[in-house]
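One structure is given here, and the rest of the page talks about it.
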Amino acid sequence: VLSRDDIIGNPKNLNHFNYSSETMEAWKEGRLSEDIVEEQKKLLCADLVVFQFPFYWFGMPAIMKGWVERVFLPGFAYTFQSMYDNGHFKSKKALLSITTGGTSTMYSPQGINGDINVVLWPLQNGILHFCGFQVLSPQIFWSPGYATPEDRTKMTETWKARLENILQEDPIHFVPNIMFDMTFQGGFMLKKEAKEDNANDHCGLSVGQHLGKALPPNNQYKGAKYL
């Protein structure tokens with residue numbers, strides 16, 4: 001849980017504690033709590049980061065979300081000048097490895113839970129890609145709690161085989177920064193020419209930048225070479 005204990009020493013503003021600005025200053029000055037520093041060191045050493053978790057309420061469990069909030073701090077993980085494909089972790093790869101309670105059909109475009117591509121967008125774009133990671137296709141274990149022992153064994157064997165060559169996989173496609181006006185004056189909006197280039201396409205550019213059109217199939221579920 002975020003707290004003042006995440007920084008060592010007095011905050012810069014004694015009257016109003018702003019977690020974002022205080023932790024950025026603490027990171028610059030080497031005043032972050034020891035547990036946060038240790039986790040950040042692990043990230044810096046990693047080539048691939050796998051987030052393994054059960055899919056609770058369409059997202060990460062609270063303990064993992066808290067880890068992200070305390071470790072992916074401004075300055076260390078991102079700034080407005082270095083985010084998305086210019087992010088701090090652009091040389092690293094990451095992916096979600098998740099187990100679901102629902103079946104794959106429940107997360108289809110016609111399923112009751114909604115399209116898995118839409119569900120994954122806040123995690124894969126809003127956290128991983130935002131910090132610069134090359135995001136690999138998610139490893140999703142559909143409803144293992146209701147699977148037979150044989151099917152669960154197949155799931156783990158498939159995952160094991162994938163891990164052997166995972167660093168050679170192509171990442172998921174996101175709309176590159178160059179297609180946006182990356183200024184506050186421009187509102188970080190798609191450039192006119194980017195929209196014009198997509199004008200005659202049936203689908204939008206991505207799940208997030210859909211331009212009022214159909215979503216590109218499997219935009220958040222399959223790496224670029226599969227699309």
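Considering all non-hydrogen atoms of both residues, A46 and K92 come closest at O-NZ, 2.7 Å. For A147 against M155, the heavy-atom pair with the smallest separation is CB-CE, 4.0 Å. The shortest heavy-atom contact between S137 and R162 is O-NH2, 2.7 Å. Scanning both residues, T156 and F141, for their nearest heavy atoms gives N-CE2, 4.4 Å. Of all the heavy atoms in A199 and K213, the pair that sits closest is O-NZ, 3.2 Å. Shown here for V50 and S97, the closest heavy-atom pair between the two residues is CG1-CB, 3.9 Å.
By the 6.0 Å contact criterion, NZ on K154 is open, its count of non-hydrogen atoms from other residues, nucleotides or ligands being 12 or less. More than 12 heavy atoms of other shown residues, nucleotides or ligands fall within 6.0 angstrom of atom CZ in F188. A 6.0 Å sphere centred on CD1 of I178 holds no more than 12 heavy atoms belonging to other residues, nucleotides or ligands.
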**Q.** Criterion salt bridge (charged side-chain N to carboxylate O under 4.0 Å, His left out) on K160 and E164, from CA distance to verdict
**A.** CA-CA 7 Å; K160 180 181 177 180; E164 292 180 358; over 6 Å; no
Q) What do the steps show when you test N113 against T100 for side chain to side chain contact (heavy atoms under 4.5 Å, CB included), and what is the final call? A) CA-CA 11 Å; N113 287 347; T100 70; over 6 Å; no
Q: Please assess Y107 against F55 for the test side chain to side chain contact (heavy atoms under 4.5 Å, CB included), listing each intermediate value before the final yes or no.
A: CA-CA 12 Å; Y107 287 95; F55 205 46; 3.8 Å; yes
**Q.** side chain to side chain contact (heavy atoms under 4.5 Å, CB included) between K41 and V37, intermediate numbers included
**A.** CA-CA 6 Å; K41 287 179 180 178; V37 172; 3.7 Å; yes
Q. Where do I63 and F53 land on the side chain to side chain contact (heavy atoms under 4.5 Å, CB included) test, with the steps shown first?
A. CA-CA 10 Å; I63 191 169; F53 59 95; over 6 Å; no
**Q.** Working for ring-ring contact (aromatic ring centres under 6.0 Å, His included), residues F184 and F80
**A.** CA-CA 10 Å; F184 283 100; F80 278 114; 5.3 Å; yes
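The backbone N or O of L211 lies less than 3.5 Å from no partner atom in the side chain of K195, so there is not a single donor-acceptor pair. With hydrogens and angles ignored, the 3.5 Å screen pairs no side-chain donor or acceptor of Q139 with any backbone N or O of L96. At least one donor-acceptor pair closer than 3.5 Å links the side chain of Q124 to the backbone N or O of Q220. Checking side-chain atoms of S143 against main-chain N and O of G101 turns up a donor-acceptor pair under 3.5 Å. In this structure, the side chain of Q209 does not engage the main chain of G204 through any donor-acceptor pair within 3.5 Å. A donor-acceptor pair under 3.5 Å is formed between the side chain of E22 and the backbone N or O of K12. A donor-acceptor distance shorter than 3.5 angstrom exists from the side chain of N177 to the backbone of M83, with no hydrogens or angles considered. Although no hydrogens or angles enter the test, the distance criterion places a donor-acceptor pair under 3.5 Å between the side chain of N198 and the main chain of C203. Judged by distance alone, with hydrogens and angles left aside, the side-chain atoms of K93 form a donor-acceptor pair with the main-chain N or O of L167 at under 3.5 Å. When atom types are taken as modelled, the side chain of D181 and the backbone of G187 share no donor-acceptor pair closer than 3.5 angstrom.
A continuous path of hydrophobic side-chain contacts links F58 to W142 [ILVMFWY only; heavy atoms under 4.5 Å]. In terms of hydrophobic clustering, with Ile, Leu, Val, Met, Phe, Trp and Tyr side chains grouped at heavy-atom distances under 4.5 Å, I127 and I116 are assigned to a common cluster. F72 and M24 end up in different hydrophobic clusters when Ile, Leu, Val, Met, Phe, Trp and Tyr side chains are linked at under 4.5 Å. Both L44 and V71 are assigned to one and the same hydrophobic cluster, defined by single-linkage of ILVMFWY side chains at heavy-atom distances under 4.5 Å.
The distance from the CG atom of D85 to the NE2 atom of H129 is 5.5 Å, given to the nearest 0.5 Å. Between the CZ atom in R31 and the CD1 atom in I36 there is a gap of 12.0 Å [rounded to 0.5 Å]. Summarising the geometry, atom OG belonging to S21 is positioned 7.5 Å from atom NE2 belonging to H16; distances are rounded to the nearest 0.5 Å. In this structure, CG on N200 lies 10.5 Å from CD on E196, to the nearest 0.5 angstrom. Taking CD1 of I7 as the start and OG1 of T23 as the end, the distance is 8.0 Å to the nearest 0.5 Å. Within the model, atoms CD of Q81 and CE of M182 stand 9.5 Å from one another, a figure rounded to the nearest 0.5 Å.
When each of Y19, Y78, W27 is tested with L73 by the rule side chain to side chain contact (heavy atoms under 4.5 Å, CB included), just one qualifies, namely Y19. Considering L215, D197, L190 in turn, L190 is the only one that fulfils the side chain to side chain contact (heavy atoms under 4.5 Å, CB included) rule with L205.
The existence of a salt bridge linking R70 and D6 is confirmed by a sub-4.0 Å separation between a basic side-chain nitrogen and an acidic carboxylate oxygen.
A ring-centre distance under 6.0 Å is found for F89 and F133.
For the residue pair S20 / N18, no side-chain donor-acceptor distance below 3.5 Å is found, with atom types taken as modelled.
Side-chain atoms of L95 and L48, non-hydrogen and from C-beta on, do get closer than 4.5 Å to each other.
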